[in-house]
Amino acid sequence: MTPKIRVGLNIAGFASALALGALIGHATAAQPQMEAALDALQGARSHLVAANNDKGGHRGNAIRAVDSAIAETRAGMRYAGY
């Protein structure tokens, strides 16, 4: 095998390993359940904000609770590398 072919094969092997590592990293970082939860929480917050009056303070409490849940969900996703 000539040195040029050997270098080419080494580069191809390195590129393949790099691509495989990126795919594995993405597969472990993808979090469809957390993403779905975040979408649902954001939708719930939108509905709460659009609701009429404050319902004795409960609507405001619910918005704060959802904001906290959104923050915790995002923190969990960051912790898992997403």
Side-chain angles (χ1 to χ4, degrees):
M1 189 178 320
T2 69
K4 276 188 173 184
I5 292 174
R6 191 172 302 143
V7 168
L9 289 174
N10 285 339
I11 291 171
F14 176 74
S16 297
L18 189 61
L20 180 61
L23 287 173
I24 290 171
H26 180 69
T28 60
Q31 300 188 36
Q33 297 301 321
M34 295 293 275
E35 290 174 14
L38 188 57
D39 287 344
L41 288 164
Q42 290 168 335
R45 187 183 194 287
S46 294
H47 287 288
L48 287 165
V49 168
N52 295 339
N53 64 49
D54 198 33
K55 318 289 193 259
H58 296 288
R59 177 179 153 267
N61 290 342
I63 290 170
R64 284 186 288 282
V66 170
D67 286 343
S68 178
I70 288 170
E72 289 297 323
T73 303
R74 286 181 175 153
M77 292 170 77
R78 275 192 308 275
Y79 179 82
Y82 188 72

Tell me the closest heavy-atom pair linking [X] and [Y], and the distance in Å.
{"X": "Val66", "Y": "Leu41", "answer": "CG1-O, 3.4 Å"}
{"X": "Asn61", "Y": "Arg64", "answer": "OD1-NH2, 2.6 Å"}
{"X": "Arg59", "Y": "Val49", "answer": "NH2-O, 3.0 Å"}
{"X": "Asp54", "Y": "Gly60", "answer": "OD1-N, 2.9 Å"}

To the nearest 0.5 Å, tell me how far [X] [atom1] sits from [Y] [atom2].
{"X": "Gln33", "Y": "Leu38", "atom1": "CD", "atom2": "CG", "result": "13.0 Å"}
{"X": "Asp67", "Y": "Glu72", "atom1": "CG", "atom2": "CD", "result": "12.0 Å"}
{"X": "Met34", "Y": "Arg78", "atom1": "CE", "atom2": "CZ", "result": "10.5 Å"}

Within 6.0 angstrom of Asn52 CG, more than 12 heavy atoms from elsewhere: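 Count not over threshold, so no.
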
